[in-house]
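In this chain, residues are counted from 1 in sequence order.
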Amino acid sequence: MKGNVKDVVRKVFREFLGPGPWVDAVFEHVKDKGNDKIRRNWRGNMNGNLAESVREGGGALLAEAFKCLSDGEDGFLTMVRVYGGTLKVGDTVKVLGEDWNQDDDEDVAFAQITGLYLPHGRFRTSVPSVPSGNVCLVQGIDGSITKTATIVDTKTDVEELATFQPLNYYIAGGESTVKLAVEPLNPSELPKLVSGLRKVCKSYGMARTKVEESGEHVVIGVGEIYLDCVMHDLRHMFSDIEIKVADPVVTFMETVVETSSVKCFASTPNKKNKITVITEPLEDPVSMKIERGEINIDEWTSKQTGDYFEQMFGWDKLSSRSVWCFGPTSTSANLLMDDTLPSEVDKKTLVSVKPSLCQGFKWSTREGPLCEEPVRGCKVKILDAELAQTPIMRGGGQVIPTMRRACYSSFLTATPKLMEPVYRLEVQCPSDICEAVFPLLQKRRGHVVKEDPKAGATFSTIKAYIPVIESFGFETDLRSFTQGQAMVSSVLDHYALVPGNPLDSSIVLHPLEPSPTMHLAREFLVKTRRRKGLSDD
């Protein structure tokens, strides 16, 4: 045992497993997960030449970049999984961004590989090439990558190209909901802050940055500790400046709970077109399927979409085949459908302005009418459309803002509500102090759903829900109140309606005083609008 540890371990495994049969058995029987991953997440044609070459171990290059790691300097090392072909130092590759597709090929860049490394713990080993089936660190290709990217050879046929789906962090809730407004202490250092925010967005998978209309820079993350790590790296690694931070807030959602009380219409500025719509709540099963990405409306035909809605949700055939789009993205739970009749509307003219109507609908759901927050769970129906016969009179500049105003009117007449994100908590603590945890949750509008004593142990697991906006400081309070005996983990679970009417202008809000429960919706609405530089109503 005084020799080299590696030699000792190698000898033990050789004596125990034998020289060759173990490796041969693994090679023969362990299933290759790479092909399954390509089949699930790659958007290309699985029967095409590129996919066939990757499956058969040919020379076609196909790799996925899924993580950017700071190398301590201005550059980043990109973590890449190679599915086909070989990466070599000095090769020039084509980097396809998340927004690349066959119709819009702007998000593409050519980059030269300047270094390849095999990661192992804190260290990395430089190698000249990396064959398929390996995960490696690549240097020199991070310039055009924001979150993830697809790497292919420059000689690959353009018609064969496709991208991998962006990563969805379902275990972490799949969505970032906590906002933090930041600004430099010295205004002249704003360019350094902007550069640092760009690097933070690249380094953290679920972090997003945004510039509000008021001009403030906002960092969006999944929780309090996550943003604390983001701000530490922003201050000390990516910008090295003094930064002022505002109080954290959350991302709300806007929705409706009833059908529009009247038909709402809007006319274009040239008075040649009029669009009539109503809004009603979207069924929960439909919303869940859309958000999970199980309905691919962009690639399905009208017949495929109609058959799916008819079989899965029991919609009638006419409504099923009249679904136009989801908004603002293809996985957002808002739906636009054509509910007009051929005897009343010229369908050919209506289809000619369909892209503009969909664009206006997506605009209205990206920034809702209450406080310019995203809209969720709404079904917008086009009931009537009076359109000009001359194409120039019904262009996008006329139809898009008109459709947005019509959607806003129908939202506001359908009993709009605010929705807030809710965490699912798991608190582990000794069984004798469980009663002390309940008041902390009740004080923050939380509620316990289950208390589960661990068999054969002295601790219990408490499962509860708490609004994200009430969770700031909860972990600190919990540990101090229980003297460090309890620990908590939280993950985004769902969105819930905020109590109260957000449009009730008779509610008087008193500064520095907590509002009653039924006044919360109005308080959140007013404070969000003021923060964004909007009027109170």
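- The main-chain N or O of Thr148 is found under 3.5 Å from a side-chain atom of Glu98 such that the two form a donor-acceptor pair.
- By the 30° and 60° cut-offs, the orientation of the rings of Tyr465 relative to His447 is tilted.
- A heavy-atom distance below 4.5 Å is found between the side chains of Glu254 and Pro369.
- In this structure, Asp142 CG and Ser203 OG are separated by 11.5 Å, a value rounded to the nearest 0.5 Å.
- Heavy-atom minimum distance, Leu282 versus Ser287: CD2-OG, 3.6 Å.
- Between the Lys443 side chain and the Phe438 main chain, no donor and acceptor come within less than 3.5 Å of each other.
- The shortest heavy-atom contact between Gly368 and Val375 is CA-CG2, 3.7 Å.
- Tyr226 approaches Gly221 most closely through the heavy-atom pair CD2-CA, 4.0 Å.
- Environment of CG in Leu190: crowded, with over 12 heavy atoms of neighbouring residues, nucleotides or ligands closer than 6.0 Å.
- With Glu280 contributing its side chain and Lys379 its backbone, the two residues share no donor-acceptor pair below 3.5 Å.
- Side chain of Thr150 to backbone of Phe164: a donor-acceptor contact under 3.5 angstrom is found.
- Between Leu61 and the options Val93, Thr154, Val152, a side-chain contact (heavy atoms from CB on, under 4.5 Å) holds for only Val93.
- Taking a cutoff of 4.0 Å between a charged side-chain nitrogen and a carboxylate oxygen, Glu216 and Lys179 do not qualify as a salt bridge.
- If you check the side chains of Glu426 and Ser489, you find no donor sitting under 3.5 Å from an acceptor.
- Of the charged side-chain nitrogens involved, none lies within less than 4.0 Å of a carboxylate oxygen, so that Arg81 and Glu64 do not count as a salt-bridged pair.
- Under the side-chain contact (heavy atoms from CB on, under 4.5 Å) test applied with Thr78, the options Leu137, Ile151, Val95, Ile141 reduce to a single match, Ile141.
- If you check the side chains of Thr255 and Arg376, you find no donor sitting under 3.5 Å from an acceptor.
- The local environment of NE2 in His120 is crowded, with over 12 non-hydrogen atoms from other residues, nucleotides or ligands closer than 6.0 Å.
- Residues Arg529 and Ser535 share a closest heavy-atom pair of NE-O, 2.5 Å.
- Nearest heavy-atom pair, Val256 versus Ala414, reported as atom, atom and distance to 0.1 Å: CB-O, 3.4 Å.
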Taking it one step at a time, do Val135 and Phe66 satisfy side-chain contact (heavy atoms from CB on, under 4.5 Å)? CA-CA 10 Å; Val135 176; Phe66 56 90; 4.2 Å; yes
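- At least one donor-acceptor pair closer than 3.5 Å links the side chain of Arg444 to the backbone N or O of Phe472.
- Here the side chain of Ser195 pairs no donor or acceptor atom with the backbone of Pro191 at under 3.5 angstrom.
- Around atom CD of Glu106, no more than 12 heavy atoms belonging to other residues, nucleotides or ligands sit under 6.0 Å away.
- Residues Asn334 and Ser332 bring no donor and acceptor atom of their side chains to less than 3.5 Å of each other.
- Lys532 has no carboxylate O lying under 4.0 Å from a charged side-chain N of Glu367, or vice versa, which leaves the two without a salt bridge.
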